[in-house]
Participant: 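Below you will find the structure I want to go over with you.
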Amino acid sequence: MQATNLAIGILFVLGGGIAAQWVAWRFKLPAIVLLFALGLICGPGLGILHPATAIGPYFHPLVSMAVAFIVFEGGLALDLRQWRESGEGVLRLTAAALPINWLLGSLAAHYVGHLNWGTAWLFGAIVVVTGPTVVLPLLRHTKLRPRVAAFLRWEAIVNDPIAAILATLVLECLLISSSHTSDASLAAVEIGPHLLFATMFSIGCGIFPALLIKFLSARDLLPEILRIPMILAFAMGVAAICNLLMQGAGLMAATVFGMALANLHVTGMSELQRIKESLGVIVVSCLFVLLTADLQRTVLAELSWPIMALTFTVMFVVRPLGIYLSTIGASMSWQERLFVGWIAPRGIVAAAVSGVVGLQLQEAGYAGANMITPAVFALIASTMILHGFSLRPLARALKLTLSDEPALAIMGANAWSTNLARVVHDRGVPVLLVDTYAPALNKAAGLGVPVLRAELLSVEGQESLEERPADYLIATTPDAIYNGLVCARMAPDLGRQRVFQVSPGIARLDLYHGLSRDSRGKVLGEPAWNFSLIDSRYAQGWRFGSYIADETISEARLTDGPAMLFMIIRKGTAIWVFSAEDAIPAEPAEGDIIVLFMPPGQDVSQTDLPVTDGPIPAA
């Protein structure tokens, strides 16, 4: 029976969580909302899952370790160069906004939620956090401008451990106060030194293993097979050790460890980036389902009008007012301030901390302590739903997003790739021509095509590409090996089905003797379409052209003739780049843009294909 329950739990938690993530990706929905709903249905709804009962006393420690992994993952994304670019706004959101939100949240809890002062201060400390478990997945699904994304990312990751420690300190002050009211002098004497030591110890525990990893890597004393296991072991280890010293200190240590690794520029971190992102999706999915499923129906039954009023006061008054006050005089636009003032979803840390401290406060006999958990979960549910569904529309209305149109990056500026970029650009499709040689980009820039002078294999190039993110990539340089390197580097970010390169030659495409599929992109067009062939045909007068189909056409019909089919564009949906390695042929529909490479003297009017618009004149 126990094995059966375990299998059911794994099915709903792991299987259901990943299924919810896929549905969210496929239909562009906030994954956190689906995960929260799944937990409610499986837990208090149908009573299928009882995580705390099934796992026992190890449930909350396991949750703490999982959260530590998430903030470690977030710490890896905190590059100090981003801090320098948007440092003032980030500093305001972390150093100034947090105490203001704590004060305002506590006042709201007392006067609106009718909680006594001790419980109100604890509630205010818990809800100042904006969890990375919620914010980071939302950022992945929304093309925010880098500066705004940096504001939300830094605030969520930095404030997460600080808020957990703040809640722990408030709880300690309440527990040592014999009169059930905070005694500032007693707290300063008994807790102040402990807090200072725990903070310094956590920072040291985060920095030291990062320096050790860099030391071992630089001296070839760390085998590649042990690099990632050692880093993950350090992340979990420092979190566990620091949590023994003070609850919440482990989150700070894990965050500092991730930041140190990111800014020490330890080699070989790209493999860790890929693994931790995959693990992060699994951990976040499981945590949301487990914590939501662990809610008791009695907790949901304690929801009342004062709690709902408190929830909406925190969302519509406390957070916007706190951000407004803390960013007065900052170099943030009013659109950025308005957006950050609204988007503040709470997540795993708030849920985990409220469950632990609320129980301890109840055992100490504080009146109203039983209302902390339902009040926090009401805020979590409301912010996840309202902020999750409103983030993209609000960012778009405030012009804080990049284009939602599928975008194409072309690496390698030459005569025919410039012609291709111009044809795509003139159809209103976002395109970016990338090269390291400025004169090669001048012609495209003169034609109005967006260009980027950067090396995509460099950190600077990757950061530059984030400002104008691409969904598809075509590598068109004469160097087949370099094309493969670029595609292999971009594949984890864009997807292996979205990176293409000019054919390196038929012999090199052999799946056993030729270039490994993991080391190159999908072949552009047919295997015989190597760079020399396309370049020579362009010299003979071949040019790219495009037209809009007025009925459904088969791919076989498009490829039947002298013209070479390069891509099919469905605006707002996808770009299908033709490849002989396609498992499923594309099916162009009415309204799709067809891009062809045509011989001299031929235009669309000379074909028997349905046409509503002729080709764009050659460059």
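Hydrogens, waters and symmetry mates play no part in the numbers below; they use all other heavy atoms, side chains included. Because the structure is a prediction, the values reported are computed rather than measured.
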Participant: Among residues at least two apart in sequence or on other chains, which ones pass side chain to side chain contact (heavy atoms under 4.5 Å, CB included) with A491?
Facilitator: R496, V499
Participant: Using side-chain contact (heavy atoms from CB on, under 4.5 Å) as the criterion, point out the one residue from L34, L38, L14 that pairs with V289.
Facilitator: L38
Participant: Are the side chains of V318 and V127 in touch, meaning some heavy atoms are under 4.5 Å apart?
Facilitator: no
Participant: CE of M230 to CG of L212: how many Å apart, nearest 0.5 Å?
Facilitator: 7.0 Å
Participant: Are L35 and Q21 close enough that some pair of their side-chain heavy atoms sits under 4.5 Å apart?
Facilitator: yes
Participant: Say you draw a straight line from CE of M371 to CG of N116; how long is it, rounded to the nearest 0.5 Å?
Facilitator: 12.0 Å
Participant: How close do T311 and S382 get, counting heavy atoms only, and between which atoms?
Facilitator: CG2-OG, 3.5 Å
Participant: Run the numbers on F339 and L391 for side-chain contact (heavy atoms from CB on, under 4.5 Å), then give the verdict.
Facilitator: CA-CA 8 Å; F339 182 75; L391 186 146; 3.9 Å; yes
Participant: Check A254 against A235 and note the closest heavy-atom contact, atom names and distance.
Facilitator: CB-O, 4.4 Å
Participant: Is a side-chain N or O of T383 found less than 3.5 angstrom from the main chain of R346, in a donor-acceptor match?
Facilitator: yes
Participant: For residues L310 and A375, report the shortest heavy-atom separation together with the two atoms involved.
Facilitator: CD2-CB, 4.5 Å
Participant: Keeping the roles fixed (side chain from H387, backbone from I343), state whether a donor-acceptor pair exists under 3.5 Å.
Facilitator: no
Participant: Would you confirm whether N101, through its side chain, and V128, through its main-chain N or O, come within 3.5 Å as a donor-acceptor pair?
Facilitator: no
Participant: Rounded at 0.5 Å granularity, tell me how far CD1 in I385 sits from CD1 in I380.
Facilitator: 12.0 Å
Participant: Kindly give the heavy-atom pair with the smallest separation between C205 and A253, and that separation in Å.
Facilitator: CB-CB, 4.5 Å
Participant: Just how far is it from atom CE of M332 to atom CD1 of I323, taken to the nearest 0.5 Å?
Facilitator: 7.5 Å
Participant: How about I241 and F201: do any of their side-chain heavy atoms sit closer than 4.5 Å?
Facilitator: yes
Participant: Check whether any side-chain heavy atom of V238 sits under 4.5 Å from a side-chain heavy atom of V256, and report yes or no.
Facilitator: no
Participant: Start with the C-alpha gap between F197 and L245, add the side-chain angles, then the distance that decides, and say whether side-chain contact (heavy atoms from CB on, under 4.5 Å) holds.
Facilitator: CA-CA 9 Å; F197 176 75; L245 189 63; 3.7 Å; yes
Participant: Does V317 have any side chain to side chain contact (heavy atoms under 4.5 Å, CB included) partners at least two apart in sequence or in another chain, and if so, which?
Facilitator: T313
Participant: Between CE of M236 and CD1 of I231, what distance do you get to the nearest 0.5 Å?
Facilitator: 12.0 Å
Participant: Does atom CZ of F59 have more than 12 heavy-atom neighbours from other groups under 6.0 Å away?
Facilitator: yes
Participant: Evaluate the side-chain contact (heavy atoms from CB on, under 4.5 Å) criterion for residues R337 and I328: first the C-alpha distance (whole Å), next the side-chain angles of each, then the deciding distance (0.1 Å), finally the verdict.
Facilitator: CA-CA 10 Å; R337 296 171 71 186; I328 292 177; 3.9 Å; yes
Participant: What is the ring orientation for F312 with F316, classed by angle as parallel under 30°, tilted 30 to 60°, or perpendicular over 60°?
Facilitator: parallel
Participant: Looking at side-chain heavy atoms only, is the closest gap between V283 and M65 below 4.5 Å?
Facilitator: no
Participant: Classify the ring geometry between F69 and F72 as parallel (under 30°), tilted (30 to 60°) or perpendicular (over 60°).
Facilitator: tilted
Participant: Quick check: do W102 and W121 have side-chain heavy atoms less than 4.5 Å from each other?
Facilitator: yes
Participant: Check the pair W117, F123 against ring pair (Phe, Tyr, Trp, His ring centres under 6.0 Å), reporting the backbone distance first and the verdict last.
Facilitator: CA-CA 10 Å; W117 277 114; F123 172 84; over 10 Å; no
Participant: What's the spacing between I213 CD1 and R227 CZ if we round to 0.5 Å?
Facilitator: 8.0 Å
Participant: Check whether any side-chain heavy atom of M252 sits under 4.5 Å from a side-chain heavy atom of C242, and report yes or no.
Facilitator: no
Participant: Kindly say whether V340 contributes a backbone atom to a donor-acceptor pair with the side chain of R319 at under 3.5 angstrom?
Facilitator: yes
